[in-house]
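The block underneath contains the structure these notes are about, expressed in structure tokens.
Values below: every heavy atom of this structure, side chains too, minus hydrogens, waters and symmetry copies.
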Amino acid sequence: IAVALTYEAKARGVTRGMPVYQIKKMFPDVVILPGDYDLYEMFARRMYAIVRRYTPVVEEYSVDECFADITGESDPEDIVARIKKTLEQELGVSFSVGLATTKVLAKVASKHDKPSGLVCIALGSERSYLEHLSVSSVWGIGRATAQFLYKNKIETALQFVDQPEWWVSENMARPHYTLWSELRGIPLYAVDAESADLQKSIASTRTFRPPSMEKAFIFSQLSKNIEEVCARARAQGLAAKRALCFLKSQEFQYRRFEVELVNHTNVPSQILAGVQSAFMSAFRPGILYRATGITLSNVRADSIQQGDLFENTERRVSETDVYTVIDRLEHKFGKHTLFLASSHASLSRTHQPRRLGIPYLGTV
């Protein structure tokens with residue numbers, strides 16, 4: 001599916017979440033690029049580091065977005081202008097920045113003048129920004145809540161804000177009451193500078209061409225994804241207890257299977273041992289497959305280890321040490337310097353070294 005769109009693609013009618021096959025059919029001239037999550041993460045880390053030059057209270061909200069608390073600064077508008085200028089100069093991409101008294105209003109401000117705006121919503125001026133904003137566009141209001149509000153003739157964010165407190169309390173859930181308060185300029189959501197310490201899940205998905213019916217090759221693709229997602233987990237000091245995998249056919253049909261692991265781990269061989277039998281049950285001969293993927297969940301810090309009474313602890317520690325060395329080698333010589341034999345088929349057929357020209361960073 002399409003996860004990010006240029007303004008030109010949006011103008012043509014492409015929407016986020018639209019399947020790629022549908023896009024190709026409806027808009028044959030649209031250019032489709034593959035995702036590069038390692039590159040996104042690199043830019044994100046540099047973005048967070050730049051913002052932290054101006055304030056240590058930074059919440060890493062997503063790969064392309066963060067909140068920063070600059071309460072107490074004598075000239076907050078100058079601070080956000082400097083943050084925006086530094087981000088664009090050092091990363092070579094445009095940013096939209098919003099300044100307001102609450103996180104929800106800051107989101108409203110950041111979206112008000114895309115793709116490269118700087119909007120400051122001063123206390124007392126909120127209504128002018130909410131008057132023409134659809135209630136469905138408010139951060140935290142989903143489709144079902146928006147439909148409920150529409151049925152009650154509440155179509156804009158301003159109409160939502162103008163509802164009496166008793167009505168909001170009686171008819172909506174507690175999180176929506178918090179949104180209502182934040183839109184009125186009352187801060188209830190604190191900037192959580194610790195929120196990035198632990199992710200809820202880590203995923204890796206790859207589409208391969210041409211599609212294949214070969215079981216060993218499909219498993220090799222899954223193995224490569226498992227190695228990739230484990231490398232990300234180790235880089236963040238995380239380990240997972242559950243693995244959710246899928247196989248996607250050429251007709252976009254999914255076969256999903258979930259495995260509970262013996263221990264929290266970020267070692268590919270341990271996860272492969274857990275998912276192999278589930279893969280054999282999910283795989284169907286005679287079907288063309290085009291993608292595999294894995295999501296690691298029930299994630300916690302890797303430093304917290306709880307052994308199993310019947311586990312070979314020495315072997316687990318040894319495997320962890322091996323991957324510490326592998327990570328160092330790949331950092332020096334590049335990805336896939338060393339890999340599991342089970343991933344060999346996917347790498348030998350599809351792996352091509354890439355060179356990326358990144359503004360202000362040179363070629364990598």
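One N or O on the side chain of H264 and one on the backbone of N298 form a donor-acceptor pair closer than 3.5 Å. T86 places a side-chain N or O within 3.5 Å of a backbone atom of R82 that can act as its donor or acceptor partner. In this structure a side-chain-to-backbone donor-acceptor pair under 3.5 Å is present from R255 to A282. A donor-acceptor pair under 3.5 Å is formed between the side chain of R234 and the backbone N or O of N266. A donor-acceptor contact shorter than 3.5 Å is absent between the side chain of T55 and the backbone of V51. With S249 contributing its side chain and Y289 its backbone, the two residues share no donor-acceptor pair below 3.5 Å. In this structure, the side chain of Q159 engages the main chain of T156 through a donor-acceptor pair within 3.5 Å. Side-chain atoms of S204 never come within 3.5 Å of backbone atoms of V229 as a donor-acceptor pair (strictly under, hydrogens ignored). Between the side chain of R184 and the main chain of V161, a donor-acceptor pair closer than 3.5 Å is present. A donor-acceptor pair is defined here as one N or O able to donate and one able to accept, closer than 3.5 Å; no such pair exists between the side chain of Q221 and the backbone of F208.
With hydrophobic clusters built from ILVMFWY side chains whose heavy atoms lie under 4.5 angstrom apart, M280 shares a cluster with I287. No path of Ile, Leu, Val, Met, Phe, Trp and Tyr side chains, each step under 4.5 Å between heavy atoms, connects I271 with F246, placing them in separate hydrophobic clusters. Put simply, L39 and L87 are part of the same group of oily side chains (I, L, V, M, F, W, Y) that touch within less than 4.5 Å, one to the next. Cluster annotation: V30 and V20 are assigned to the same hydrophobic cluster (Ile/Leu/Val/Met/Phe/Trp/Tyr, side-chain heavy-atom contacts under 4.5 Å, transitive).
Put simply, CG on L133 and CZ on F160 are 11.5 Å apart, with the number rounded to the nearest 0.5 Å. If you take NZ on K107 and NE2 on H112, they are separated by 15.5 Å, rounding to the nearest 0.5 Å. From Y40, atom OH reaches atom CE of M47 across 14.5 Å, with rounding to the nearest 0.5 Å. Atom OG of S220 is separated from atom NZ of K215 by 14.5 Å, given to the nearest 0.5 angstrom. One distance of note links OG of S223 with CZ of F279; it measures 10.5 Å at 0.5 Å rounding. A distance of 8.0 Å separates CD in Q163 from CG in L149, rounded to the nearest 0.5 Å.
Inter-residue side-chain proximity for S212 and I218 is flagged as met; some heavy-atom pair is nearer than 4.5 Å. Looking only at side-chain heavy atoms (C-beta outward), N171 and N152 stay at 4.5 Å or farther from each other. Contact of the L222 side chain with the I226 side chain is registered, since non-hydrogen atoms from C-beta on lie closer than 4.5 Å. Side chains of S281 and F257 form no contact here, defined as non-hydrogen atoms less than 4.5 Å apart. Residues L272 and F219 form a side-chain contact, since some pair of their non-hydrogen atoms from C-beta on lies under 4.5 Å apart.
Side-chain polar atoms of Y150 and S134 form a donor-acceptor pair below 3.5 angstrom. Checked by atom type, the side-chain pair S94/K114 shows no donor-acceptor distance below 3.5 Å. With no hydrogens or angles considered, a side-chain donor-acceptor pair links D69 and T71 at under 3.5 Å.
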Before you tell me yes or no, could you show the steps for E88 and S116 under side-chain hydrogen bond (donor to acceptor under 3.5 Å, both in side chains), namely the whole-Å CA-CA distance, both residues' side-chain angles and the distance that decides it to 0.1 Å?
CA-CA 10 Å; E88 294 182 341; S116 183; 3.2 Å; yes
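Under a cut-off of 6.0 angstrom, the local environment of CZ in R284 is crowded, with over 12 non-hydrogen atoms contributed by other residues, nucleotides or ligands. Within a 6.0 Å sphere centred on CD of E73, other residues, nucleotides and ligands contribute more than 12 heavy atoms. The number of heavy atoms from other shown groups lying within 6.0 Å of NZ (K10) is above 12. Within a 6.0 Å sphere centred on CZ of R328, other residues, nucleotides and ligands contribute 12 heavy atoms or fewer.
With respect to L188, the side chain to side chain contact (heavy atoms under 4.5 Å, CB included) criterion is satisfied by exactly one of T102, L179, T178: T178.
With respect to E228 and K224, no salt bridge is recorded, no charged nitrogen being found less than 4.0 Å from a carboxylate O. Between R242 and E258, at least one side-chain N (NZ, or NE/NH1/NH2) sits under 4.0 Å from a carboxylate O, which counts as a salt bridge. Salt bridge E59/K103: present, at least one basic N to carboxylate O contact under 4.0 Å.
Taking the ring centre of F148 as origin, the terminal cationic atom of K151 falls outside the region bounded by 6.0 Å and 45° from the ring axis.
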